[in-house]
Trainee: 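First the structure, which I've put down as structure tokens, then a few questions once you've had a look.
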Number of protein chains: 2
Amino acid sequence: MNVQLETNSSKRDAILNSTLLLIKEYGFHGTPMSQIAKHAQVAAGTIYHYFDSKETLIIELYIRTRDQLTEALMEGYEQSSPYKDRFFKLMHNQYNFYIQNEPAMVFLEQYVNSPFAKNFPEKDSILFKEKIISFFESGIDGGYFKNIDPRLLGPTIRGTLVAAANFRLSEQMIYSEDDITEVVQIVWDGIKRQ
Amino acid sequence: MNVQLETNSSKRDAILNSTLLLIKEYGFHGTPMSQIAKHAQVAAGTIYHYFDSKETLIIELYIRTRDQLTEALMEGYEQSSPYKDRFFKLMHNQYNFYIQNEPAMVFLEQYVNSPFAKNFPEKDSILFKEKIISFFESGIDGGYFKNIDPRLLGPTIRGTLVAAANFRLSEQMIYSEDDITEVVQIVWDGIKRQ
DNA sequence: TGCTACCGAATGAACGTTCAATTGGAAACT
DNA sequence: AGTTTCCAATTGAACGTTCATTCGGTAGCA
């Protein structure tokens, strides 16, 4: 089980993709393995060739989705750029990812508010979180942000961006660069040193 | 079934309370009716005396919880107060409600990100939403807020407050009035006309 | 006597998971 | 080159369990 860690197995990907789509539509409990199998066009047993159980399937889907978000966040990020530019870049990237990957956003939101998140200590992502936190710390030290607990900033920003993205998507609005800037500006004005 | 709409049935309340607590702990799918019955100290069949199905139980729990939030929001609200005071009052109340009712907050967040929310058109609460929106509109007209789509303001504010409350609760911090003011200030600075 | 509240064992469907059987392709061997 | 061996990949029917829901019955009250 779970033999080919390196090989790009199309079925494995198909299973993960179907799970993401179906969970967005019907929720965790609303999507039986049989339905995932049908949607991914594999036999029910095949899923168990790649994943030990439904739970690990969902956890691995979470890891993959989270890593995709991380990668999207970092796109075009230049360590040498001014701090404020880097911050705006990160927020733009995050907001764009949500808008362009609604199933991923919905799934991530469901996941973090579910018992899975509690029972699965995030291990490696702690390193990433510490990176984010130290990024915020330097923003505070640099005089850009209010003197807020830096651990509070990540969730707060995510909350705003997710809420805004959800709204845009539910209203089926055509979003423009101006839209994005408006939302990012709300975040920035909220936390910047006045 | 569902006969006593007016009477205050303690069993009915016990069932709703147990459902709220268990869903916070184990999620929608993780809480069988049998467990709800055991926790509420009633027989499994009794639940079906008060609710048609698990789905309607959850929907009715949502309605009750949402109404509790609405009531908490309005506590001490004075129509005659200055606009900015009223706005701060609303945000304080909302944040306090989340902090003091963690199960309610977790449940509401799970619910809005679940398929229930899609399949159950909120009917009456639309009126409430329109009240909120017109409240924001007068904030924009009065020159307090940026010129943002007022429908965007509600979700965005909720996103920030929920994220902050979640963080406070997960870190098991003792929260003070200063804490609250800090979070509310983030929201205010984000959307106020600069 | 009739009605409401309540009980909890029984029911049957749905679900996650298993497994014996089949395929296919890549080595190993002749 | 042809044959055999081997094992990962895949299938889907079958299994056992869990769960939401039902239902026949009891108790108490009007």
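Here is the naming used below: chain letters follow the sequence lines, and residue numbers restart at 1 for every chain. Reckoned from all heavy atoms, side chains included, excluding hydrogens, waters and symmetry mates.
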Trainee: In whole angstrom, what separates K11(A)'s NZ from dA8(D)'s P?
Mentor: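 Distance check: K11(A) NZ to dA8(D) P gives 17 Å.
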Trainee: side-chain hydrogen bond (donor to acceptor under 3.5 Å, both in side chains): which pairs involve residues 136-159 of chain B, sequence neighbours left out?
Mentor: E171(A)-R151(B), D189(A)-K146(B), E109(B)-R158(B), D149(B)-R151(B)
Trainee: Output every pair passing side-chain hydrogen bond (donor to acceptor under 3.5 Å, both in side chains) with a member in residues 69-84 of chain A, not counting sequence neighbours, ordered by first then second residue.
Mentor: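 Non-adjacent pairs meeting side-chain hydrogen bond (donor to acceptor under 3.5 Å, both in side chains): Y77(A)-R86(A).
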Trainee: Run the side-chain contact (heavy atoms from CB on, under 4.5 Å) test against V184(B) and tell me which residues pass, sequence neighbours left out.
Mentor: F88(B), M91(B), H92(B), I180(B)
Trainee: So, using side-chain hydrogen bond (donor to acceptor under 3.5 Å, both in side chains) as the criterion, who are the partners of S53(B) when residues are at least two apart?
Mentor: none
Trainee: What pairs with N93(A) under side-chain hydrogen bond (donor to acceptor under 3.5 Å, both in side chains), at least two apart in sequence or on another chain?
Mentor: none
Trainee: What is the distance, to the nearest angstrom, from the CD atom on Q41(B) to the P atom on dG8(C)?
Mentor: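 In whole Å, dG8(C) P and Q41(B) CD are 12 Å from each other.
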Trainee: Tell me the interatomic distance from Y26(A), atom OH, to dC15(C), atom P, rounded to whole angstroms.
Mentor: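 Result: 13 Å.
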Trainee: Answer yes if the ring centres of F28(B) and F28(A) are under 6.0 angstrom apart, and no otherwise.
Mentor: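 No, too far apart.
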Trainee: Y50(A) has an atom OH; how far is it from atom P of dG16(C), in whole Å?
Mentor: 20 Å
Trainee: So, is K38(B) close to the dG8(C) phosphate, meaning a side-chain N or O under 4.0 Å from OP1 or OP2?
Mentor: no
Trainee: It should be established whether H49(B) places a side-chain nitrogen or oxygen under 4.0 Å from OP1 or OP2 of nucleotide dA5(C).
Mentor: yes
Trainee: Tell me: CZ of R12(A) to P of dT10(D), nearest whole Å?
Mentor: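 Between P of dT10(D) and CZ of R12(A): 12 Å.
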Trainee: Would you give a per-nucleotide map of nucleotides 17-25 of chain D, 5' to 3', where B means the base has a protein non-hydrogen atom under 4.0 Å away, S means only the sugar-phosphate does, and - means neither?
Mentor: --SSBB---
